[in-house]
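Some notes on the structure that comes next.
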Number of protein chains: 2
Amino acid sequence: MTGSGTPGRPTTGNVRVLVVDDHQMFATSLAQALQSESDLLVVGQGTSISEARRLVASATPDVVLLDHRLPDGDGVGAIAELHRIRPSAKVVVLTATTSDRLLVAAMEAGAAGFIAKTQRLDDVVGGVRAAAQGESVVSAKLLARLLLRLRRQGGGSGAELTEREREILDLLAKGLSNADIAQELTISVHTVRNHVANLSAKLGAHSKLEVLSIAVREGLVDST
Amino acid sequence: MTGSGTPGRPTTGNVRVLVVDDHQMFATSLAQALQSESDLLVVGQGTSISEARRLVASATPDVVLLDHRLPDGDGVGAIAELHRIRPSAKVVVLTATTSDRLLVAAMEAGAAGFIAKTQRLDDVVGGVRAAAQGESVVSAKLLARLLLRLRRQGGGSGAELTEREREILDLLAKGLSNADIAQELTISVHTVRNHVANLSAKLGAHSKLEVLSIAVREGLVDST
DNA sequence: ACCCGTCTGGTGCGGGCGTACCAGGTACCA
DNA sequence: TGGTACCTGGTACGCCCGCACCAGACGGGT
């Protein structure tokens with residue numbers, strides 16, 4: 001925003017905010033609550049990634065409050081795309097499930113902030129202001145947990161799943177057996193078994209059941 | 001609300017509303033949004049069942065907006081208790097996961113309403129007003145789905161889980177094996193197997209994995 | 001007293017699953 | 001050109017699981 005329309009204002013012009021959450025009543029409530037802050041201007045709200053794409057382009061927000069779980073995809077996965085559409089927009093991820101893995105993924109994707117929904121409304125307001133000024137916003141508690149984990153695992157938290165593994169995880173979450181998955185993807189049962197074994201290793205699980213359990217807890221799959 | 005089309009209601013007094021949701025920022029946002037309605041008075045907000053108990057007694061609400069998933073238990077399971085504390089209070093269940101089973105459970109527990117979080121904020125406002133007047137509030141879409149299912153299954157949707165089964169389901173959701181569960185509950189593996197088989201039958205699953213998948217989808221377990 | 005639902009325990013069998021360990025093909029990068 | 005990561009497929013072993021079917025114990029309801 002340097003020089004585009006609003007030249008060198010010290011700090012406070014109105015911060016243009018876009019709210020995206022699949023729970024429409026939450027998006028609307030949050031929008032109203034933010035609107036009551038004098039220095040914030042809610043310029044739009046949406047309930048899906050596709051709406052986010054459209055609104056980021058048309059409503060020219062400074063900060064995007066983006067839910068992690070959206071009906072048409074993963075919010076974190078859409079961050080890069082939103083940045084491509086509007087590079088100056090800062091994205092703050094809102095999430096119901098606080099997972100270290102998710103936090104890392106969001107920050108790596110270029111998120112300016114990461115706030116759990118269990119936090120107070122004030123934290124969102126503060127987070128939006130901070131993000132608008134180019135600061136990063138992460139809950140102290142989450143950050144501590146993350147650092148602890150990084151220290152414990154020697155930075156090797158890069159348990160990133162491959163595309164195929166994520167695909168298999170999704171089918172696993174539907175309750176499909178190895179044979180079902182093999183048929184669905186037209187590959188061998190052995191291959192499925194290998195992928196599942198790799199998933200188990202990466203997630204630290206010892207069975208498909210535990211894989212699913214962890215995946216749900218960490219928000220890696222759509223539970224709806 | 002938008003004032004247009006609102007039928008002439010008595011407006012005998014302000015409706016006292018209590019908001020309970022584990023996502024504090026949602027509870028606060030919703031509370032603020034409801035507060036802006038002239039005929040509604042938000043008398044409190046909480047993030048757990050224990051807080052709900054306390055606030056129902058001390059804040060004397062007419063309508064309680066209660067989230068389904070709370071940190072210290074199931075919101076639906078707490079409805080009866082809240083009624084015991086304050087019989088005149090109407091409970092409207094808010095839920096992220098729209099499941100027929102959950103809807104039935106909520107209505108049977110004495111809920112005055114059942115609203116999905118994907119619905120509009122106006123629906124909540126209308127739901128609160130309706131509940132205050134003794135009406136039942138259920139989304140037309142949900143109701144249609146429910147009726148369709150009842151017709152299809154001949155009313156056999158009464159797949160209520162026993163206390164023990166729910167207990168085993170929780171452990172299952174943690175990724176524990178049959179042997180682990182047996183040890184945890186100090187019962188035989190055979191018994192666990194029987195319970196799991198009963199769970200499978202009641203949920204219409206064919207494996208533990210599918211049981212967990214369905215349970216998560218229907219919000220029967222804490223995914224966090 | 002009787003039935004019914006629930007929790008408890010058991011036997012036996014077949015198949016799916018977890019594990020280990022292997023290797024060919026492909027794509028990408030240094 | 002070689003290394004690396006990923007997807008693919010395989011073999012083999014043993015255990016756990018799903019299924020069918022059984023039965024005793026306990027509590028509640030008619």
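To find a chain, count down the sequence lines: A is the first, B the second, and so on, and within it residues start at 1.
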Nearest whole angstrom, please: distance from the [atom2] of [N] to the [atom1] of [X].
X: B:Arg166; N: C:dC7; atom1: CZ; atom2: P; result: 12 Å
X: B:Leu209; N: C:dG16; atom1: CG; atom2: C1'; result: 12 Å
X: A:Leu199; N: D:dC7; atom1: CG; atom2: C1'; result: 13 Å
X: A:Glu165; N: D:dA5; atom1: CD; atom2: P; result: 13 Å
X: B:Glu210; N: D:dG18; atom1: CD; atom2: C1'; result: 13 Å
X: B:Ile181; N: C:dC7; atom1: CD1; atom2: P; result: 14 Å

Worked verdict on A:Arg217 versus A:Ser213 for side-chain hydrogen bond (donor to acceptor under 3.5 Å, both in side chains): CA-CA 6 Å; A:Arg217 199 179 319 128; A:Ser213 170; 2.9 Å; yes

Any side-chain heavy atom of [X] sitting closer than 4.5 Å to one from [Y]?
X: B:Val64; Y: B:Val56; answer: yes
X: B:Thr60; Y: B:Arg86; answer: yes
X: A:Val17; Y: A:Leu65; answer: yes

Scan nucleotides 8-16 of chain D against the protein and return all N/O pairs shorter than 3.5 Å with their distances rounded to 0.1 Å.
unit_1: D:dT8; atom_1: OP1; unit_2: A:Arg164; atom_2: NE; d: 3.3
unit_1: D:dT8; atom_1: OP1; unit_2: A:Arg164; atom_2: NH2; d: 2.7
unit_1: D:dT8; atom_1: OP2; unit_2: A:Arg164; atom_2: NE; d: 2.9
unit_1: D:dT8; atom_1: OP2; unit_2: A:His195; atom_2: NE2; d: 3.1
unit_1: D:dG9; atom_1: OP2; unit_2: A:Ser188; atom_2: N; d: 2.7
unit_1: D:dG9; atom_1: OP2; unit_2: A:Thr191; atom_2: OG1; d: 3.0
unit_1: D:dG9; atom_1: N7; unit_2: A:Asn194; atom_2: ND2; d: 3.2
unit_1: D:dG9; atom_1: O6; unit_2: A:Asn194; atom_2: ND2; d: 2.8
unit_1: D:dG10; atom_1: OP2; unit_2: A:Ser188; atom_2: OG; d: 3.2

For D:dC17 and B:Ser207 - does any side-chain N or O of the residue sit under 4.0 Å from the phosphate oxygens OP1/OP2?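 It does not, given that no N or O in the side chain of B:Ser207 lies less than 4.0 Å from OP1 or OP2 of D:dC17.
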
Sequence-distant partners of A:Thr191, side-chain hydrogen bond (donor to acceptor under 3.5 Å, both in side chains), two or more places apart: none

Thinking salt bridges, do B:Arg164 and B:Glu167 make one under a 4.0 Å N-O criterion?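 Yes.
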
Please lay out, stage by stage, how A:Glu210 and A:Ser200 fare under the test side-chain hydrogen bond (donor to acceptor under 3.5 Å, both in side chains). CA-CA 8 Å; A:Glu210 208 176 348; A:Ser200 290; over 6 Å; no

When the rotation axes relating C1' atoms of four end pairs to the next four are compared across the helix from C:dA1-D:dT30 to C:dA30-D:dT1, five pairs an end, they differ to 10° by 40°

Residue pair B:Asp21, B:Arg69: steps toward the salt bridge (charged side-chain N to carboxylate O under 4.0 Å, His left out) verdict: CA-CA 8 Å; B:Asp21 194 293; B:Arg69 192 167 287 171; over 6 Å; no

